Amino acid sequence: MTQTDTDICIIGAGISGISMAAHIGMICPERSYTILERREQIGGTWDLFRYPGVRSDSDMHTLGFNFEPWRHENAIADGTNILEYLNRIADERGIREYIRFGQEVLSADWDSQRACWTITARGSDGRESVTTARWLYFASGYYDYDNPYDAQIAGIENFGGEVVHPQFWPENLDYAGKDVVVIGSGATAVTLVPAMAESAKSVTMLQRTPTWMGAGPRQDIWSQRFLRWFPETFAYRLTRWKNIALRAYFFGLSRRNPGKVADMLRGRLKDELGSKYDPKHFEPPYNPWQQRLCLVPDGDLFEAMKAGKASIVTDRIAGFDESGIKLESGDRLSADIVITATGLKLVLAGKVEVSLDGEPVEWTDHFFYRGTMFSNLPNLSFVFGYLNASWTLRADSNARYACEVISEMYRRGADVAVPELLPEDEPEPVEPWDYTSGYLNRAKDLMPKVAAERPWTLAHDYLADRRDFVQRPVADGVLRFREAPAVSRESDVNEHEKIAAE
Ligand SMILES: Cc1cc2nc3c(=O)[nH]c(=O)nc-3n(C[C@H](O)[C@H](O)[C@H](O)COP(=O)(O)OP(=O)(O)OC[C@H]3O[C@@H](n4cnc5c(N)ncnc54)[C@H](O)[C@@H]3O)c2cc1C
């Protein structure tokens with residue numbers, strides 16, 4: 001077996017990377033691993049995003065790990081609490097010592113003779129280093145850390161005030177007593193508006209089209225009851241399953257009977273907003289869950305609107321002047337600060353150039369396999385979370401599965417595990433998802449292929465995936481285990497002999 005610096009190289013120390021490291025510790029502790037992380041801290045998303053009010057928009061009982069209870073009283077958690085949780089787990093499980101911070105992975109090349117990955121990273125000092133590993137695990141998230149989505153807002157250069165993108169929030173941005181316009185209608189805008197309204201003079205959310213929104217409690221009373229009645233781990237599991245089941249039911253209902261769900265959401269919005277309800281700002285031209293539903297924790301956005309501190313304008317930008325935004329309707333919004341909450345730029349595999357024996361890998365040539373590996377790509381797996389459920393549900397499943405595959409590979413004395421797909425057996429590709437969000441539409445062309453049938457799918461159904469992971473064995477006849485060519489074994493032996501002789 002080829003000697004490598006580490007058995008498993010994990011790229012990224014966010015939720016997915018920490019999950020993989022913890023699963024290695026639980027399932028195959030005899031395997032070594034290294035995490036290469038381009039930032040100087042753990043946390044990924046939760047370390048990068050520092051805008052006011054930054055929080056989860058799904059409950060922490062499912063955004064938290066399956067192996068570690070979420071203890072904070074708020075189920076919808078602030079970024080700082082999520083960071084604390086991740087850092088605590090990394091310390092308690094001894095994961096931190098295996099993280100090499102400030103290492104941006106640039107490329108990874110698979111050597112089929114030696115059955116190993118050569119991973120090149122650039123350190124924060126600009127120096128490049130090489131790590132070899134038998135397995136490559138992409139926990140690098142789904143968006144570009146360097147560049148947000150460029151919405152190309154025409155004329156914004158004419159604006160004389162400050163323009164801020166939430167991805168790069170200036171530490172000392174002073175918005176107290178100022179007029180702020182937040183351009184966007186997604187989760188970030190819905191979070192920012194009430195948080196900034198606490199001290200700004202006015203905050204206006206300027207949207208082109210509305211988003212479906214629903215108020216929900218920050219705290220989960222059932223979780224608190226379960227904690228009184230049961231031991232912590234059992235209570236956590238119960239809350240988790242309650243939330244998984246409720247979300248799956250609500251999502252299914254939105255797809256089966258969108259009119260009913262739209263009526264329900266509309267009714268609740270009217271109750272929340274009273275005279276402030278205007279369908280123009282709250283009724284999107286698509287069905288609920290055709291795009292992600294926006295959570296409004298404790299109705300904070302609605303409260304800020306009712307208090308006259310925040311407002312929503314649905315219009316199109318005609319241009320900018322020194323101190324505001326001109327709208328196509330002829331109206332104008334005064335602004336001291338403009339926040340462009342226009343979204344993320346999706347990228348795959350942390351922009352790492354992946355190659356097989358020097359041949360660049362085109363992700364679009366490969367099919368997803370079981371939502372985590374890829375047709376004909378050896379010893380590599382990947383996390384791309386659910387669009388309709390918490391990201392961590394998939395991160396945990398994929399980490400467990402990767403550990404099972406790696407264990408099986410070693411158990412068989414094999415060097416390679418690869419989902420094999422011959423060209424003549426390729427299934428018909430289908431759309432990777434049925435969502436209309438701008439950022440997902442823009443990403444479709446980057447995505448590996450997806451079929452309608454398992455195992456060549458990227459399903460957005462946690463319960464069905466879970467059944468599949470339980471029922472379908474690791475050695476399912478599609479995933480092939482192989483030895484690396486004998487010739488490389490000899491050369492390895494020779495290399496080792498040489499080293500030993502020296
Ligand atoms: C503001 C915001 C709120 C969100 N809220 C939710 C929510 O409530 N629920 C939900 O399910 N999802 C949410 N998401 C999606 C969220 O990104 C995931 O929940 C989750 O945090 C992703 O974890 P990750 O570890 O896979 O990726 P990330 O958090 O993106 O971490 C990836 C890590 O990989 C590192 N990395 C990337 N490329 C390289 C490279 N080339 N070399 C070395 N290191 C690299 C990054 O520096 C980063 O630390 C939210 C996203 C955002 C932006």
Side-chain angles (χ1 to χ4, degrees), residues 9-21 34-65 75-79 82-83 85-86 90 99-108 119-124 129 131 136-146 148-149 165-167 169 184 186-192 216 243 247 292-295 297 341 343-354 372 382-396 398-399 439 460 462:
C9 177
I10 302 170
I11 304 179
I15 286 181
S16 304
I18 302 292
S19 170
M20 180 58 180
T34 299
I35 304 182
L36 299 178
E37 168 54 59
R38 54 176 286 176
R39 300 176 66 73
E40 299 296 339
Q41 309 288 339
I42 283 171
T45 297
W46 305 103
D47 179 49
L48 175 71
F49 281 85
R50 299 292 179 145
Y51 58 75
V54 63
R55 55 155 172 87
S56 68
D57 60 0
S58 52
D59 65 281
M60 288 307 299
H61 299 90
T62 56
L63 190 59
F65 298 115
I76 301 301
D78 292 347
I82 301 175
L83 275 181
Y85 174 75
L86 294 174
I99 308 177
R100 286 176 52 206
F101 290 104
Q103 295 292 323
E104 181 183 3
V105 178
L106 304 174
S107 65
I119 300 136
T120 306
R122 184 175 47 216
S124 16
S129 63
T131 305
L136 187 57
Y137 192 83
F138 278 99
S140 47
Y142 63 103
Y143 57 84
D144 191 332
Y145 269 71
D146 304 305
Y149 170 60
H165 193 285
Q167 188 163 332
W169 196 263
T188 304
V190 167
T191 304
L192 265 171
N243 293 354
R247 214 184 233 253
R292 253 184 116 106
L293 185 78
C294 261
L295 174 76
L344 305 165
K345 181 177 170 205
L346 264 74
V347 293
L348 280 190
K351 301 194 280 186
V352 176
E353 285 180 18
V354 179
T372 179
F382 188 98
V383 181
F384 189 90
Y386 291 107
L387 300 175
N388 56 359
S390 284
W391 185 275
T392 315
L393 293 173
R394 175 115 71 196
D396 281 345
N398 288 6
Y439 77 105
H460 287 280
Y462 172 69

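Since the model is a prediction, treat every value here as computed from it, not as a measurement. Values reported hereafter were calculated over all heavy atoms of this structure, with side chains retained and with hydrogens, waters and symmetry mates removed. Counting starts at 1 for both ligands and their atoms, in listed order.
Within the 4.0 Å heavy-atom cutoff, Gln41 does not count among the residues contacting ligand 1. Within the structure, ligand 1 lacks Lys351 among the residues with a heavy atom less than 4.0 angstrom away. Residue contacts with ligand 1: Val352 is included, with a non-hydrogen atom under 4.0 Å away.
Panel note: side chain Thr120, backbone Leu106; no donor-acceptor pair is recorded below 3.5 Å. Within the 3.5 Å criterion, the main-chain N or O of Ala187 finds a donor-acceptor partner in the side chain of Thr191. Under a 3.5 Å cut-off, the side chain of His460 and the backbone N or O of Asn388 do not form any donor-acceptor pair. Side chain of Gln167 to backbone of Asp144: a donor-acceptor contact under 3.5 angstrom is found. Side-chain atoms of Asn398 come within 3.5 Å of backbone atoms of Phe382 as a donor-acceptor pair (strictly under, hydrogens ignored). Arg394 contributes a side-chain N or O that, together with a main-chain N or O of Phe384, makes up a donor-acceptor pair within less than 3.5 Å. Formation of a donor-acceptor pair under 3.5 Å by the Glu37 side chain with backbone atoms of Ala13 is found in this model.
The distance criterion of under 3.5 Å between nitrogen or oxygen atoms is not met by Val383 with respect to ligand 1. Polar contact check, Thr45 against ligand 1: a nitrogen or oxygen pair lies under 3.5 Å apart. Every N/O-N/O distance between Thr188 and ligand 1 stays at or above 3.5 Å. At least one N/O-N/O distance between Trp391 and ligand 1 falls below 3.5 Å. For ligand 1, one of its N or O atoms has an N or O atom of Arg38 under 3.5 Å away.
The closest protein non-hydrogen atom to atom 26 (O) of ligand 1 is Ser16 OG, 2.5 Å. Nearest protein heavy-atom neighbour of atom 27 (O) of ligand 1: Gly141 CA, 3.2 Å. For atom 49 (O) of ligand 1, the closest non-hydrogen atom on the protein side is Glu37 OE1, 2.6 Å. From the protein, the heavy atom lying nearest to atom 9 (N) of ligand 1 is Ser58 OG, 2.6 Å.
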Could you walk me through whether Phe65 and Leu86 pass side chain to side chain contact (heavy atoms under 4.5 Å, CB included), step by step? CA-CA 10 Å; Phe65 298 115; Leu86 294 174; 3.6 Å; yes
Please step through side chain to side chain contact (heavy atoms under 4.5 Å, CB included) for the pair Thr188 and Phe49, ending with a clear verdict. CA-CA 10 Å; Thr188 304; Phe49 281 85; 5.6 Å; no
Begin from the C-alpha positions of Trp391 and Ser58 and carry the test side chain to side chain donor-acceptor pair (under 3.5 Å) through to its verdict. CA-CA 9 Å; Trp391 185 275; Ser58 52; over 6 Å; no
Trace of the side chain to side chain contact (heavy atoms under 4.5 Å, CB included) decision for Phe101 with Ile42: CA-CA 9 Å; Phe101 290 104; Ile42 283 171; 3.9 Å; yes
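Evaluated by nearest non-hydrogen atom to atom 48 (C) of ligand 1, the leading choice among Phe101, Tyr386, Tyr145 is Tyr145. Around atom 38 (N) of ligand 1, the closest heavy atom drawn from Ala121, Pro148, Gly44, Gly350 belongs to Gly350. Nearest to atom 40 (C) of ligand 1 by heavy atom, out of Leu344, Leu393, Asn398, Val105, is Val105. The closest heavy-atom contact to atom 3 (C) of ligand 1, among the options Trp46, Tyr142, Phe49, comes from Trp46. When Ala139, Gly17, Ala187, Gly12 are checked for heavy-atom proximity to atom 32 (C) of ligand 1, Ala139 turns out nearest.
Within ligand 1, counting atoms from 1 as listed, the ones closer than 4.0 Å to a heavy atom of Leu63 are 7 (C), 8 (O), 9 (N), 10 (C), 11 (O), 19 (O). For ligand 1, the atoms sitting less than 4.0 Å from at least one non-hydrogen atom of Gln103 are 42 (N), 43 (C), numbered in the order shown with element in parentheses. Ligand 1 places these atoms under 4.0 Å from at least one heavy atom of Tyr51: 1 (C). Near Asp57, meaning under 4.0 Å from one of its heavy atoms, ligand 1 places the atoms 5 (N), 6 (C), 7 (C), 8 (O), 9 (N). Shown in contact with Leu36 at under 4.0 Å from a heavy atom are these atoms of ligand 1, numbered in order with element: 43 (C), 44 (N). Below 4.0 Å from some heavy atom of Ser56 lie the following atoms of ligand 1, by number and element: 8 (O).
Smallest separation of non-hydrogen atoms from Ile10 and Gly17: CG2-CA, 3.8 Å.
Neither side chain, Thr62 nor Arg247, offers a donor N or O lying under 3.5 Å from an acceptor on the other.
Under the 30°/60° scheme for interplanar angles, the aromatic rings of Tyr145 and Tyr143 are found to lie parallel.
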